[in-house]
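First up is the structure itself, then whatever we jot down about it.
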2 protein chains.
Amino acid sequence: MPPRRGPIVAAVRKALPRAKPRVRLDNDARRAQLLQLARRTFAGRAYDEVSIDDLAREAKISKGLLYHYFPTKRDLYVAGLREIADELVERVATIPAALTPQERVRAGLEAYLEHITLHQRAFVSLMRGGIGSDPEVAGVVEGVRTRLADRFLDGSPFAPVLRGEPRFETALRGWIGFVEGASIDWCAHPRMTRDALREMLAQVLFAVLSVVGGIAAAASAEKGT
Amino acid sequence: MPPRRGPIVAAVRKALPRAKPRVRLDNDARRAQLLQLARRTFAGRAYDEVSIDDLAREAKISKGLLYHYFPTKRDLYVAGLREIADELVERVATIPAALTPQERVRAGLEAYLEHITLHQRAFVSLMRGGIGSDPEVAGVVEGVRTRLADRFLDGSPFAPVLRGEPRFETALRGWIGFVEGASIDWCAHPRMTRDALREMLAQVLFAVLSVVGGIAAAASAEKGT
DNA sequence: TCGACTATTGACTTGTGGTCAATAGGGTCC
DNA sequence: GGACCCTATTGACCACAAGTCAATAGTCGA
């Protein structure tokens, strides 16, 4: 005869007295609280330095309830990450439309830099801290990169010319890497003013575009000859 | 009276018959085998998709033996990562000394690109896949960045002028980010020849240096006036 | 042949992510 | 105001993987 675990155990359980639940919260409120908590916690400690029990204890709820709201520890983590990512992208997306393309780039960079100074820990742990091996996490970070690239180039006079040009795509990824590398370094060692950094990033973008344009022109000229 | 676990259990253990150990290997050979295995495995699957039991099974040894050679799963992982990192840096470091600075940059980039094409999976999982939150892992990756930067600039005519200049340090980090971003993108979507990519990376470096130089010059001129 | 040294084993402990039946609080309907 | 239902909440439990450790089997030199 097989063990038949469940029911027997259940019968035993019934006999035990129960402690009263603590606080009863509305679904959305609880979910928001947990997300907030996760964001705070994961910004400070690494993913697997934080246990679900820790989070539950901090939130003054049982572990089971946490799993009622988020099916997985990773889901909770990703949800928090996604919020951070979206806030950043959205911040960069909201720049006045009535600017010259160059000014739009500068404004976007300004918004970007302002946002990351305000949320340094979250930003760095988003771009560098994540579990890169997890496809979903990688997707979020990757999404930030491509969406930011799109924003920065929105309405640029270069964009229509260069979009689709293979070299351009790679160069753009490169520039995004530049921005990431420089700004993360700048967070750790703020060796210049924010304005100076912004200016540098903008000028590098223009320089990169001109390099790519030049190479493309040279290549087509050579082909033409 | 306290439980007194150990000895009692030990006495019981003695009675059990033992299977014979499989193969007996010299210390260094075993260690090398395990490192090799770890590198292969972690290049293909994520850190926590690979269990110690998996590795032990694959190596046809017991888990305990694995822990005899590497005190921790993470240590094993980091050891493999470190090898990959060192190989890459070393590859870039061995370029002929009798070249012009510009040609040295190109040669370094060539070596870099050749190496990462040959070891794509390892390279990408080194730079993007690691457990970024682990300080030791982060250290390895960070080390690659700074060491590569040093190599690329070795003997450059710009270096003596710009070293220590705050903007320059940040710009260099940025360029390293550019190289990383562009080359990882290129691994996934090889939209151009290796030569073309190398040329682009080199020209971007020169452009970046000129931008930084220009800004620095402008700043000092302004100050001087 | 014996003893020492060490590579090797595998049962065990511990910690943590994840499951699930049971329950308590609170509203609604008669 | 009691019966009933809905759902937020609990806590005991499981599974599995990292890490520990006393015991053991090869091997080599005296």
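The sequence lines fix the lettering, A, B, ..., with proteins before strands; numbering per chain opens at 1.
- Counting to the nearest Å, the P atom of dC21(D) and the CG atom of L66(B) are 17 Å from each other.
- Remark on DNA chain C: of its neighbouring residues P71(A) and Y69(B), the 5'-side contact belongs to Y69(B), judged by nearest-heavy-atom nucleotide.
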As a quick check of understanding, evaluate salt bridge (charged side-chain N to carboxylate O under 4.0 Å, His left out) for D195(B) and R198(B), giving each step before the final call. CA-CA 5 Å; D195(B) 285 0; R198(B) 166 175 49 71; 3.2 Å; yes
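- Computed from coordinates, the R57(B) CZ to dG10(C) P distance equals 13 Å when rounded to whole Å.
- Judged by distance alone with a 3.5 Å cut-off, a donor-acceptor contact links the side chain of K63(A) to the base of dG18(C).
- Atom CG in D28(B) sits roughly 13 Å away from atom C1' in dA7(C) (whole-Å rounding).
- Across all strands shown, F70(A) has no heavy atoms under 4.0 Å from either base or sugar-phosphate atoms.
- If you take CD1 of I52(A) and C1' of dG11(D), they are 16 Å apart, rounded to a whole angstrom.
- For S51(A), the side-chain atoms get nearest to dT16(C) when compared with the rest of dG10(C), dT16(C), dA7(C).
- One can place CG of D53(A) at 17 Å from P of dT14(C), the figure rounded to the nearest angstrom.
- Following rounding to the nearest Å, L25(A) (CG) and dA24(C) (C1') show an atom-to-atom distance of 15 Å.
- Contacts of N27(A) with the nucleic acid, taken as non-hydrogen atoms under 4.0 Å apart, involve only primed sugar atoms and P, OP1 or OP2.
- Between R74(B) and H68(A), it is H68(A) whose nearest contact on DNA chain D lies nearer the 5' terminus.
- With rounding to whole Å, R31(B) atom CZ is found 16 Å from dT6(C) atom C1'.
- Of the charged side-chain nitrogens involved, at least one lies within less than 4.0 Å of a carboxylate oxygen, so that R147(B) and D86(B) count as a salt-bridged pair.
- A parallel orientation is assigned to the rings of Y47(A) and F42(A), their planes being inclined by less than 30° (bins at 30° and 60°).
- Atom pair K60(A):NZ and dA8(D):P shows a separation of 21 Å (rounding to whole Å applied).
- Out of dG17(C), dT10(D), dT27(D), the shortest distance to the side chain of I61(A) is found at dT10(D).
- Along DNA chain C, the nucleotide nearest L65(A) and the nucleotide nearest D48(A) are compared for position; the residue whose nucleotide lies closer to the 5' end is D48(A).
- Dashed line: the shortest gap from a side-chain N or O of Y67(A) to OP1 or OP2 of dT9(D) is not under 4.0 Å.
- For K73(B), counting side-chain heavy atoms from C-beta on, the closest listed nucleotide (dT6(C), dG19(D), dA8(D)) is dG19(D).
- Residues R128(B) and V141(A) are not in side-chain contact: their nearest non-hydrogen atoms beyond the backbone lie 4.5 Å or more apart.
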Between H119(A) and L126(A), is a side-chain contact (heavy atoms from CB on, under 4.5 Å) present by the stated rule, with each step listed? CA-CA 10 Å; H119(A) 306 87; L126(A) 167 64; over 6 Å; no
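- Of the candidates dG19(D), dA18(D), dG26(C), dG26(C) carries the atom nearest the R24(A) side chain, counting heavy atoms from C-beta on.
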